[in-house]
**Q** 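What follows is a structure written as structure tokens; I'll ask about it next.
None of these values were measured; they are calculated from a predicted model. Counting starts at 1 for both ligands and their atoms, in listed order. Counting begins at 1 with the first residue of the sequence.
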Amino acid sequence: MKNIAYIGMGSNMEDRFNYLKQGILLLRKEKNITLTNLSSIYETAPVGYTEQSAFLNMVVEVETTYNPQELLSCLQNIEAACHRERIIRWGPRTLDLDILLYNNEDIKEENLSVPHPRILERAFVLAPLVEIAPSTCILGDNHFLSSLTSKLSVEQGIE
Ligand SMILES: Nc1nc2nc(S)n(CCO)c2c(=O)[nH]1
């Protein structure tokens with residue numbers, strides 16, 4: 001069973017570009033993951049914890065036979081291989097890999113929420129995501145994020 005997932009990638013420590021490249025190379029080595037699309041790389045100002053360097057962000061589309069927990073574990077192993085140390089929770093990192101979307105599934109588990117809970121607040125995620133997967137962000141169809149977006153719009157009285 002092939003699953004489609006979108007993974008947010010970010011780095012703001014040391015050689016940021018090389019960490020993104022390393023992350024992509026390690027993803028490509030995974031036999032249960034096929035990279036099917038890569039966004040451009042965006043340089044973005046830090047949000048949340050702003051006392052840190054600018055990030056390089058991108059989003060990759062993958063096909064995978066991993067279930068969400070297996071995919072999460074794989075991404076955490078790749079982060080560790082890129083010397084990811086969680087010193088300050090929202091602080092600088094060599095490589096950050098977040099599951100943004102997994103099919104159209106709504107996952108709420110102790111260690112995993114998909115769609116990513118802050119996806120709609122983060123231009124550094126939405127810009128690369130809409131670049132490679134516009135249908136995930138267009139109102140009107142039944143894609144889960146669209147329904148999330150439209151729900152947010154209604155809640156905020158936009159519509
Ligand atoms: N621009 C930008 N700001 C951020 N703040 C946090 S936390 N992060 C890490 C997101 O998991 C980022 C990021 O990747 N990019």
Side-chain angles (χ1 to χ4, degrees), residues 3-30 32-33 35-64 66-134 136-137 143-146 148-149 151-152 156:
N3 302 289
I4 304 288
Y6 292 88
I7 297 164
M9 301 180 67
S11 176
N12 76 334
M13 277 179 77
E14 300 154 26
D15 185 342
R16 303 171 299 173
F17 179 79
N18 191 54
Y19 278 122
L20 290 181
K21 198 168 81 173
Q22 282 305 312
I24 288 164
L25 289 175
L26 290 172
L27 278 170
R28 284 209 164 110
K29 282 185 178 174
E30 286 290 332
N32 293 302
I33 294 175
L35 265 70
T36 48
N37 207 343
L38 280 72
S39 76
S40 307
I41 295 176
Y42 295 73
E43 183 160 41
T44 62
V47 299
Y49 183 76
T50 55
E51 300 302 309
Q52 58 181 323
S53 308
F55 282 78
L56 293 185
N57 286 111
M58 66 186 296
V59 169
V60 297
E61 177 190 81
V62 301
E63 282 181 5
T64 183
Y66 280 144
N67 67 35
Q69 287 292 344
E70 290 167 333
L71 181 59
L72 176 66
S73 177
C74 171
L75 298 181
Q76 288 170 339
N77 291 338
I78 292 173
E79 287 178 338
C82 292
H83 319 300
R84 164 76 187 262
E85 290 175 22
R86 292 176 181 265
I87 300 162
I88 305 170
R89 185 174 180 210
W90 305 108
R93 63 277 317 274
T94 53
L95 183 67
D96 204 47
L97 300 175
D98 291 324
I99 303 175
L100 304 174
L101 299 170
Y102 185 94
N103 297 329
N104 273 0
E105 295 183 28
D106 183 12
I107 301 164
K108 294 277 182 291
E109 291 165 10
E110 189 185 342
N111 66 333
L112 183 61
S113 292
V114 181
H116 189 287
R118 288 175 289 285
I119 195 170
L120 294 178
E121 305 156 21
R122 293 176 159 183
F124 67 80
V125 168
L126 291 174
L129 182 60
V130 78
E131 177 192 341
I132 63 171
T136 65
C137 301
H143 189 283
F144 191 85
L145 184 58
S146 304
L148 260 186
T149 313
K151 180 170 173 291
L152 187 72
Q156 290 182 353

**Q** Under 4.0 angstrom from ligand 1, any heavy atom of Ala45?
**A** yes

**Q** Is any N or O atom of Gly10, backbone or side chain, closer than 3.5 Å to an N or O atom of ligand 1?
**A** no

**Q** Should Asp96 and Glu79 count as side-chain neighbours, where that means a heavy-atom distance under 4.5 Å?
**A** yes

**Q** Is the contact between Asp98 and ligand 1 made by the side chain, the backbone, both, or neither, using heavy atoms and a 4.0 Å cut-off?
**A** side chain

**Q** Pick one of side chain, backbone, both or neither for how Asp96 approaches ligand 1, counting any non-hydrogen atom pair under 4.0 Å.
**A** side chain

**Q** Would you mind telling me which of Gln22, Met9, Met13 makes a side-chain contact (heavy atoms from CB on, under 4.5 Å) with Leu95?
**A** Met9

**Q** Note the single closest protein heavy atom to atom 9 (C) of ligand 1, along with its residue, its atom name and the distance in Å.
**A** Arg93 NH1, 3.3 Å

**Q** What distance separates Leu26 CG from Leu97 CG, expressed to the nearest 0.5 Å?
**A** 9.0 Å

**Q** Evaluate the side-chain proximity of Ile24 to Lys21: yes if any heavy-atom separation is below 4.5 Å, no if none is.
**A** no

**Q** Just by distance, do the side chain of Thr94 and the backbone of Cys82 share a donor-acceptor pair under 3.5 Å?
**A** yes

**Q** Could you check if a side-chain atom of Leu56 sits within less than 4.5 angstrom of a side-chain atom of Tyr19, using non-hydrogen atoms only?
**A** no

**Q** Can any side-chain N or O of Ser113 pair as donor or acceptor with the backbone N or O of Lys108 at less than 3.5 Å?
**A** no

**Q** So for Phe124, does at least one of its heavy atoms come nearer than 4.0 angstrom to any atom of ligand 1?
**A** yes

**Q** Give the residue and atom name of whichever protein heavy atom lies nearest to atom 14 (O) of ligand 1, and the separation in Å to one decimal.
**A** Asn57 ND2, 2.9 Å

**Q** With a heavy-atom distance limit of 4.0 Å, tell me whether Ala54 approaches ligand 1 through its side chain, its backbone, both, or neither.
**A** neither

**Q** Please determine if Val47 has a nitrogen or oxygen closer than 3.5 Å to a nitrogen or oxygen of ligand 1.
**A** yes

**Q** Got the closest protein heavy atom to atom 8 (N) of ligand 1, with its distance?
**A** Phe55 CZ, 3.8 Å

